[in-house]
Amino acid sequence: MTMLELQHITGFGRTPVHHAVNRLSADTLIIIRPRHGLHIAPIDLARERMLLALRRDMERFVIRLAADRASLSHRNQALHIERLLRERRATLTLDEFNSLDRRIDALVLEAAGEPFLVHTLRPLHTLYRRIGYIHHRFMPGQADLSGTIDHHLGILNAVANRRAEDAVKASDALIDYMGSMFTGMEAGIDPRLLDCSIEPLLGT
(Lines give C-alpha, C1' and ligand atoms only; values in the text may rest on other atoms or scores of the structure.)
Protein backbone atom coordinates (compact mmCIF):
# COMPACT_ATOMS: atom_id res chain seq x y z
CA MET A 1 0.00 0.00 0.00
CA THR A 2 0.99 3.63 -0.33
CA MET A 3 0.73 6.49 2.15
CA LEU A 4 -1.97 8.03 -0.02
CA GLU A 5 -4.03 4.84 0.05
CA LEU A 6 -3.77 4.76 3.84
CA GLN A 7 -4.96 8.36 4.00
CA HIS A 8 -8.04 7.47 1.94
CA ILE A 9 -8.79 4.35 4.02
CA THR A 10 -8.35 6.00 7.42
CA GLY A 11 -9.65 9.45 6.63
CA PHE A 12 -6.59 11.04 8.26
CA GLY A 13 -4.30 13.58 6.67
CA ARG A 14 -0.75 13.12 5.46
CA THR A 15 1.01 14.13 8.69
CA PRO A 16 -0.75 11.78 11.16
CA VAL A 17 -0.51 8.86 8.72
CA HIS A 18 3.18 9.57 8.19
CA HIS A 19 3.80 9.65 11.95
CA ALA A 20 1.79 6.45 12.52
CA VAL A 21 3.64 4.57 9.78
CA ASN A 22 7.03 5.67 11.12
CA ARG A 23 6.06 4.55 14.62
CA LEU A 24 4.79 1.17 13.40
CA SER A 25 7.95 0.79 11.34
CA ALA A 26 10.08 1.48 14.42
CA ASP A 27 8.03 -1.18 16.24
CA THR A 28 8.87 -3.64 13.39
CA LEU A 29 5.20 -3.97 12.41
CA ILE A 30 5.43 -2.23 9.02
CA ILE A 31 8.21 -2.49 6.45
CA ILE A 32 8.76 0.71 4.45
CA ARG A 33 10.03 -0.02 0.96
CA PRO A 34 10.99 3.20 -0.83
CA ARG A 35 9.20 3.47 -4.18
CA HIS A 36 7.49 0.12 -3.49
CA GLY A 37 5.04 1.11 -0.78
CA LEU A 38 4.35 -0.29 2.66
CA HIS A 39 4.21 -3.94 3.68
CA ILE A 40 2.78 -5.39 6.88
CA ALA A 41 5.65 -7.29 8.49
CA PRO A 42 5.03 -11.05 8.78
CA ILE A 43 4.53 -12.38 12.31
CA ASP A 44 7.52 -14.54 13.24
CA LEU A 45 6.24 -16.76 16.06
CA ALA A 46 9.71 -18.14 16.84
CA ARG A 47 11.10 -14.61 17.20
CA GLU A 48 8.21 -13.42 19.33
CA ARG A 49 8.41 -16.48 21.58
CA MET A 50 12.12 -15.68 22.08
CA LEU A 51 11.39 -12.01 22.83
CA LEU A 52 8.89 -13.09 25.48
CA ALA A 53 11.88 -13.90 27.73
CA LEU A 54 13.07 -10.31 27.30
CA ARG A 55 9.64 -9.00 28.13
CA ARG A 56 9.45 -11.18 31.26
CA ASP A 57 12.63 -9.65 32.68
CA MET A 58 11.63 -6.11 31.77
CA GLU A 59 8.12 -6.50 33.16
CA ARG A 60 9.53 -7.77 36.46
CA PHE A 61 11.59 -4.59 36.76
CA VAL A 62 8.72 -2.30 35.76
CA ILE A 63 6.02 -3.95 37.87
CA ARG A 64 8.21 -3.85 40.97
CA LEU A 65 8.86 -0.14 40.43
CA ALA A 66 5.15 0.46 39.86
CA ALA A 67 4.13 -1.33 43.05
CA ASP A 68 6.79 0.49 45.08
CA ARG A 69 6.13 3.95 43.64
CA ALA A 70 2.37 3.91 42.94
CA SER A 71 0.72 7.10 44.15
CA LEU A 72 -2.77 7.24 45.63
CA SER A 73 -4.08 8.27 42.22
CA HIS A 74 -2.37 5.33 40.50
CA ARG A 75 -3.71 2.93 43.11
CA ASN A 76 -7.25 4.29 42.78
CA GLN A 77 -7.07 3.94 39.00
CA ALA A 78 -5.88 0.35 39.34
CA LEU A 79 -8.76 -0.45 41.71
CA HIS A 80 -11.24 1.20 39.34
CA ILE A 81 -10.06 -0.89 36.38
CA GLU A 82 -10.01 -4.00 38.59
CA ARG A 83 -13.66 -3.44 39.60
CA LEU A 84 -14.68 -2.92 35.98
CA LEU A 85 -12.93 -6.12 34.87
CA ARG A 86 -14.61 -8.11 37.65
CA GLU A 87 -18.05 -6.68 36.83
CA ARG A 88 -17.69 -7.22 33.06
CA ARG A 89 -15.60 -10.41 33.21
CA ALA A 90 -18.26 -12.56 31.50
CA THR A 91 -19.37 -10.03 28.86
CA LEU A 92 -16.24 -8.10 27.87
CA THR A 93 -15.50 -8.14 24.15
CA LEU A 94 -12.00 -8.60 22.77
CA ASP A 95 -11.88 -5.01 21.52
CA GLU A 96 -13.03 -3.71 24.91
CA PHE A 97 -10.43 -5.81 26.69
CA ASN A 98 -7.65 -4.58 24.40
CA SER A 99 -8.67 -0.99 25.14
CA LEU A 100 -8.44 -1.69 28.88
CA ASP A 101 -5.18 -3.57 28.37
CA ARG A 102 -3.63 -0.46 26.84
CA ARG A 103 -4.87 1.55 29.84
CA ILE A 104 -3.32 -0.97 32.25
CA ASP A 105 0.03 -0.90 30.42
CA ALA A 106 0.04 2.91 30.45
CA LEU A 107 -0.92 3.03 34.13
CA VAL A 108 1.83 0.62 35.20
CA LEU A 109 4.45 2.54 33.22
CA GLU A 110 3.23 5.85 34.63
CA ALA A 111 3.33 4.48 38.18
CA ALA A 112 6.88 3.17 37.58
CA GLY A 113 7.88 6.74 36.85
CA GLU A 114 10.75 6.08 34.42
CA PRO A 115 10.10 7.58 30.95
CA PHE A 116 12.85 5.49 29.32
CA LEU A 117 10.84 2.35 30.02
CA VAL A 118 7.90 3.62 27.97
CA HIS A 119 9.96 3.68 24.76
CA THR A 120 11.45 0.28 25.56
CA LEU A 121 8.31 -1.65 26.50
CA ARG A 122 5.68 -0.08 24.21
CA PRO A 123 6.80 -2.02 21.10
CA LEU A 124 6.75 -5.29 23.06
CA HIS A 125 3.27 -4.55 24.39
CA THR A 126 2.12 -3.96 20.81
CA LEU A 127 3.64 -7.23 19.54
CA TYR A 128 1.97 -9.35 22.21
CA ARG A 129 -1.35 -7.57 22.08
CA ARG A 130 -1.42 -8.61 18.42
CA ILE A 131 -0.57 -12.21 19.35
CA GLY A 132 -3.36 -12.20 21.95
CA TYR A 133 -5.83 -10.82 19.44
CA ILE A 134 -5.06 -13.53 16.88
CA HIS A 135 -5.16 -16.24 19.57
CA HIS A 136 -8.56 -15.24 20.94
CA ARG A 137 -10.08 -14.22 17.61
CA PHE A 138 -8.96 -17.00 15.28
CA MET A 139 -7.85 -20.04 17.28
CA PRO A 140 -10.70 -22.57 17.70
CA GLY A 141 -12.04 -22.73 21.24
CA GLN A 142 -9.98 -19.78 22.49
CA ALA A 143 -12.55 -16.97 22.44
CA ASP A 144 -12.94 -17.03 26.24
CA LEU A 145 -11.09 -14.08 27.80
CA SER A 146 -11.45 -15.17 31.43
CA GLY A 147 -7.88 -16.50 31.67
CA THR A 148 -6.19 -13.33 30.50
CA ILE A 149 -8.60 -11.18 32.52
CA ASP A 150 -7.79 -13.11 35.71
CA HIS A 151 -4.06 -12.61 35.20
CA HIS A 152 -4.54 -8.88 34.72
CA LEU A 153 -6.69 -8.75 37.85
CA GLY A 154 -3.80 -10.22 39.82
CA ILE A 155 -1.44 -7.50 38.57
CA LEU A 156 -3.91 -4.68 39.25
CA ASN A 157 -4.67 -5.87 42.77
CA ALA A 158 -1.01 -6.24 43.69
CA VAL A 159 -0.07 -2.80 42.36
CA ALA A 160 -3.11 -1.17 44.00
CA ASN A 161 -2.07 -2.65 47.34
CA ARG A 162 1.65 -1.98 46.80
CA ARG A 163 2.62 -5.63 47.17
CA ALA A 164 5.74 -5.74 45.01
CA GLU A 165 6.48 -9.46 45.33
CA ASP A 166 2.89 -10.41 44.52
CA ALA A 167 3.00 -8.03 41.55
CA VAL A 168 6.12 -9.73 40.18
CA LYS A 169 4.54 -13.18 40.61
CA ALA A 170 1.37 -11.99 38.84
CA SER A 171 3.46 -10.55 36.01
CA ASP A 172 5.34 -13.85 35.60
CA ALA A 173 2.03 -15.74 35.55
CA LEU A 174 0.74 -13.49 32.77
CA ILE A 175 3.90 -14.05 30.70
CA ASP A 176 3.56 -17.82 31.23
CA TYR A 177 -0.04 -17.61 30.05
CA MET A 178 1.03 -15.70 26.95
CA GLY A 179 3.75 -18.25 26.27
CA SER A 180 1.16 -21.02 26.25
CA MET A 181 -0.57 -19.32 23.31
CA PHE A 182 2.36 -20.01 21.00
CA THR A 183 2.16 -23.81 21.15
CA GLY A 184 -1.30 -23.96 19.63
CA MET A 185 -0.68 -21.14 17.17
CA GLU A 186 2.49 -22.69 15.76
CA ALA A 187 0.57 -25.82 14.75
CA GLY A 188 -2.98 -24.65 14.22
CA ILE A 189 -3.09 -21.12 12.80
CA ASP A 190 -3.72 -20.33 9.13
CA PRO A 191 -0.33 -19.08 7.83
CA ARG A 192 -2.11 -16.26 5.97
CA LEU A 193 -2.97 -14.69 9.33
CA LEU A 194 0.75 -14.42 10.03
CA ASP A 195 1.91 -13.27 6.59
CA CYS A 196 -0.39 -11.32 4.29
CA SER A 197 1.81 -12.11 1.25
CA ILE A 198 0.95 -15.84 1.31
CA GLU A 199 -1.40 -16.79 -1.49
CA PRO A 200 -4.53 -18.77 -0.50
CA LEU A 201 -4.66 -22.48 -1.30
CA LEU A 202 -6.90 -23.46 -4.24
CA GLY A 203 -8.13 -19.89 -4.49
CA THR A 204 -9.91 -20.01 -1.09
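With contacts defined as side-chain heavy-atom distances shorter than 4.5 Å, the pair Leu29/Ile40 does not qualify. Counting only heavy atoms from C-beta outward, the side chains of Leu38 and Thr2 never approach each other to under 4.5 Å. Under the 4.5 Å side-chain criterion, counting only non-hydrogen atoms from C-beta, His18 is not in contact with Val21. Between Pro42 and Leu194, every side-chain heavy-atom pair lies at or beyond the 4.5 Å cut-off. Between Asp150 and Arg89, the closest side-chain pair of non-hydrogen atoms falls below 4.5 Å. Annotation: side chain of Met1 is not in contact with side chain of His39 (no heavy-atom distance under 4.5 Å).
Considering only residues two or more places apart in sequence or on other chains, His151 meets the ring pair (Phe, Tyr, Trp, His ring centres under 6.0 Å) condition with Tyr177. Legend: residues meeting side-chain hydrogen bond (donor to acceptor under 3.5 Å, both in side chains) with Asp95, ordered by chain and number and at least two apart, are absent. By the side-chain hydrogen bond (donor to acceptor under 3.5 Å, both in side chains) test, Arg163 is found to be paired with Asn157, Asp166, residues two or more places apart in sequence or in another chain being considered. Taking Arg14 as the reference, Gln7 meet the side-chain contact (heavy atoms from CB on, under 4.5 Å) condition, with sequence neighbours excluded. In this structure, the side-chain contact (heavy atoms from CB on, under 4.5 Å) partners of Thr91, at least two apart in sequence or on a different chain, are Arg88. Applying the side-chain contact (heavy atoms from CB on, under 4.5 Å) criterion to Phe138, with sequence neighbours excluded, gives Tyr133, Ile134, Ile189, Leu193. Legend: residues meeting side-chain hydrogen bond (donor to acceptor under 3.5 Å, both in side chains) with His125, ordered by chain and number and at least two apart, are Glu59. Taking the side-chain contact (heavy atoms from CB on, under 4.5 Å) definition, one finds that Glu48 meets it with Ile43, Leu127, Tyr128, Arg130, Ile131, Phe182, sequence neighbours left out. Every residue was checked against the side-chain hydrogen bond (donor to acceptor under 3.5 Å, both in side chains) condition with Asn98, not counting sequence neighbours, and none meets it.
Leu94 and Leu92 fall within a single hydrophobic cluster, where Ile, Leu, Val, Met, Phe, Trp and Tyr are joined by side-chain heavy atoms under 4.5 Å apart, directly or via other members. Hydrophobic clustering of Ile, Leu, Val, Met, Phe, Trp and Tyr side chains at less than 4.5 Å, counting indirect connections, unites Met178 with Val168. Under the 4.5 Å side-chain heavy-atom criterion for grouping Ile, Leu, Val, Met, Phe, Trp and Tyr, Phe12 is connected to Ile9 within one hydrophobic cluster.
The CD1 atom of Ile32 lies 4.0 Å from the OG atom of Ser25; values are rounded to the nearest 0.5 Å. The structure places CD of Glu186 at 13.5 Å from CE of Met181, a figure rounded to the nearest 0.5 Å. Note that CZ of Arg60 and CZ of Arg55 are 13.0 Å apart. Values are rounded to the nearest 0.5 Å. Taking CG of Leu24 as the start and CD1 of Ile31 as the end, the distance is 12.5 Å to the nearest 0.5 Å. One finds the CG atom of Leu51 at 13.5 Å from the CZ atom of Arg56 (value rounded to the nearest 0.5 Å).
With salt bridges taken as basic N to acidic carboxylate O contacts below 4.0 Å, none links Asp172 and Lys169.
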Side-chain donor/acceptor pairs under 3.5 Å, residues 139-147, sequence neighbours excluded:
from: Gln142; atom 1: OE1; to: His135; atom 2: NE2; distance (Å): 3.2
from: Asp144; atom 1: OD1; to: Ser146; atom 2: N; distance (Å): 3.0
from: Asp144; atom 1: OD1; to: Ser146; atom 2: OG; distance (Å): 3.2
from: Asp144; atom 1: OD2; to: Ser146; atom 2: OG; distance (Å): 2.8

Please output the side-chain donor-acceptor pairs of residues 117-124 that fall under 3.5 Å, not counting sequence neighbours, one pair per line with the distance.
from: Thr120; atom 1: OG1; to: Phe116; atom 2: O; distance (Å): 3.0
from: Arg122; atom 1: NH1; to: Asp27; atom 2: OD1; distance (Å): 3.4
from: Arg122; atom 1: NH1; to: Asp27; atom 2: OD2; distance (Å): 2.8

Side-chain donor-acceptor distances from residues 64-73 under 3.5 Å, at least two apart:
from: Arg64; atom 1: NH1; to: Glu165; atom 2: OE2; distance (Å): 2.6
from: Arg69; atom 1: NH1; to: Ala112; atom 2: O; distance (Å): 2.7
from: Ser71; atom 1: OG; to: Ser73; atom 2: N; distance (Å): 3.4
from: Ser71; atom 1: OG; to: His74; atom 2: N; distance (Å): 3.2
from: Ser71; atom 1: OG; to: His74; atom 2: ND1; distance (Å): 3.0
from: Ser73; atom 1: OG; to: Gln77; atom 2: NE2; distance (Å): 3.2

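Of the candidates Leu84, Val108, Ile104, Ile104 is the only one forming a side-chain contact (heavy atoms from CB on, under 4.5 Å) with Leu156.
Counted by atom type alone, Asn76 and His80 present zero donor-acceptor pairs between their side chains at under 3.5 Å.
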| message | Applying side chain to side chain contact (heavy atoms under 4.5 Å, CB included) to Thr183 and Arg49, what does each step give before you reach the verdict? | response | CA-CA 10 Å; Thr183 302; Arg49 184 195 277 270; 3.6 Å; yes

| For Arg86 and Ile149, what are the C-alpha separation, side-chain angles and deciding distance, and is it a side chain to side chain contact (heavy atoms under 4.5 Å, CB included)? | CA-CA 8 Å; Arg86 291 190 188 280; Ile149 289 174; over 6 Å; no

| task | Check step by step if side chain to side chain contact (heavy atoms under 4.5 Å, CB included) holds for Glu114 and Val62. | result | CA-CA 9 Å; Glu114 177 45 67; Val62 171; over 6 Å; no

| task | Could you walk me through whether His152 and Asp101 pass the side chain to side chain contact (heavy atoms under 4.5 Å, CB included) test, one step at a time? | result | CA-CA 8 Å; His152 283 80; Asp101 187 41; 2.9 Å; yes

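For Arg129, the CZ atom counts as densely surrounded, since its 6.0 Å shell holds more than 12 non-hydrogen atoms of other residues, nucleotides or ligands.
Using a distance-only test at 3.5 Å, with no hydrogens or angles considered, no donor-acceptor pair links the side chain of Ser171 to the main chain of Ala167.
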